[in-house]
Amino acid sequence: MRKLSANTALGLGCIAVALVVAFVWIPLDTDTWLVERKRGKYIIGDSLAPTLAMGFVLVAGLLLLLEKGESDEYPRRDNLIFIGAMAGIGIVSLLLMRWAGPGIAALFASEEYRLLRDTAPWKYIGFVLGGVTMIFTMITFVEERPSWRALWIALVAVAGIILLYDVPFDDILLPPNGDV
């Protein structure tokens, strides 16, 4: 019997998470499927982006299972610390993403955030702060030092996502604006 290596354990975990999220959480949490037909026009459904993301997680898990590498050891404490740190960075960044826009709007805007959530600059505040924090902090943790390069990568990545998701589509709200 093959022993459980760190890559195998992580790969199986990625596959399990991707399948549960794609087939349980997303269908229970969204009202529409991947693509919806409305008034004779196809529009992006609520579940397209998260399902696509889980597809990437599934592929990553399969690649970890198929990888022939030097990771023949059992998962170690360092592996668990790394996964815990990444999860912690993700949680803090998502909380910042969720609450930065409404918090800054409460301080500086005369209207409530719900009315401002689809207008610039308000719709970008949480997404940019949370996204840049997540990417920059993860790169800094992996490289064990902050760098200007990591900050630029984070800024360009977030700007690229905004250009791909927000600019071409009138009916899409950047996360987390659809929930506030």
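Quick caveat: nothing in here was measured; it's all calculated off a predicted structure. Along the sequence shown, the residues carry numbers beginning at 1.
- Atom CD1 of Ile89 sits about 10.5 Å away from atom CD1 of Ile139, to the nearest 0.5 Å.
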What pairs of donor and acceptor atoms, side-chain ones from residues 140-154 against any protein atom, are under 3.5 angstrom apart with sequence neighbours left out?
residue, atom, partner, partner atom, Å
Thr140, OG1, Phe136, O, 2.8
Glu143, OE2, Arg149, NH1, 2.9
Ser147, OG, Ala150, N, 3.1

Should Ile81 and Arg77 be marked as a side-chain contact (heavy atoms from CB on, under 4.5 Å) after you check the CA-CA gap, both sets of side-chain angles, and the distance that decides it? CA-CA 6 Å; Ile81 290 171; Arg77 184 173 181 257; 3.9 Å; yes
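- Side-chain contact between Leu129 and Ile104: present, with at least one pair of heavy atoms (C-beta onward) separated by less than 4.5 Å.
- Here the side chains of Val132 and Leu155 are in contact, with some heavy-atom distance below 4.5 Å.
- If you take CD on Glu111 and CZ on Arg117, they are separated by 13.5 Å, rounding to the nearest 0.5 Å.
- Ile135 approaches Ala157 most closely through the heavy-atom pair CD1-CB, 3.7 Å.
- For residues 121-131, the pairs satisfying side chain to side chain donor-acceptor pair (under 3.5 Å) are Lys123-Asp166, Tyr124-Asp166, with sequence neighbours left out.
- When hydrophobic side chains of Ile, Leu, Val, Met, Phe, Trp and Tyr are connected at separations under 4.5 Å, Val17 ends up clustered with Val21, Trp25, Ile26, Met54, Val57.
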Are Thr8 and Leu65 close enough, and set up right, to give a side-chain contact (heavy atoms from CB on, under 4.5 Å), and what steps lead you there? CA-CA 5 Å; Thr8 303; Leu65 286 180; 3.9 Å; yes
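- To the nearest 0.5 Å, atom CE of residue Met97 and atom CD1 of residue Ile125 are 13.0 Å apart.
- Taken from CG in Leu116 to OG in Ser110, the straight-line distance is 7.5 Å, to the nearest 0.5 Å.
- Remark: Leu19 pairs with Ile15, Phe23, Leu58 by the side chain to side chain contact (heavy atoms under 4.5 Å, CB included) rule, at least two apart or across chains.
- Here Leu28 contributes atom CG and Ser47 contributes atom OG; the two are 12.0 Å apart, rounded to the nearest 0.5 Å.
- Cluster note: Phe56 groups with Leu52 through ILVMFWY side-chain heavy atoms spaced under 4.5 Å, whether in direct contact or through intervening members.
- Residues that satisfy the side chain to side chain contact (heavy atoms under 4.5 Å, CB included) test with Ile161, not counting sequence neighbours, are Phe127, Tyr165.
- The minimum heavy-atom distance between Ala22 and Pro27, with the atom names listed, is O-CD, 3.3 Å.
- Linking Ile, Leu, Val, Met, Phe, Trp and Tyr residues whenever their side-chain heavy atoms come within less than 4.5 Å leaves Leu163 and Val158 in two separate clusters.
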Apply side-chain contact (heavy atoms from CB on, under 4.5 Å) to Val128 and Ile162, showing your working. CA-CA 9 Å; Val128 170; Ile162 289 171; 3.8 Å; yes
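- For the pair Met134/Leu94, a side-chain contact is recorded, criterion being any heavy-atom separation below 4.5 Å from C-beta on.
- Between Cys14 and Gly61, the closest heavy-atom pair is CB-CA, 3.8 Å.
- Under the 4.5 Å side-chain criterion, counting only non-hydrogen atoms from C-beta, Leu12 is not in contact with Leu64.
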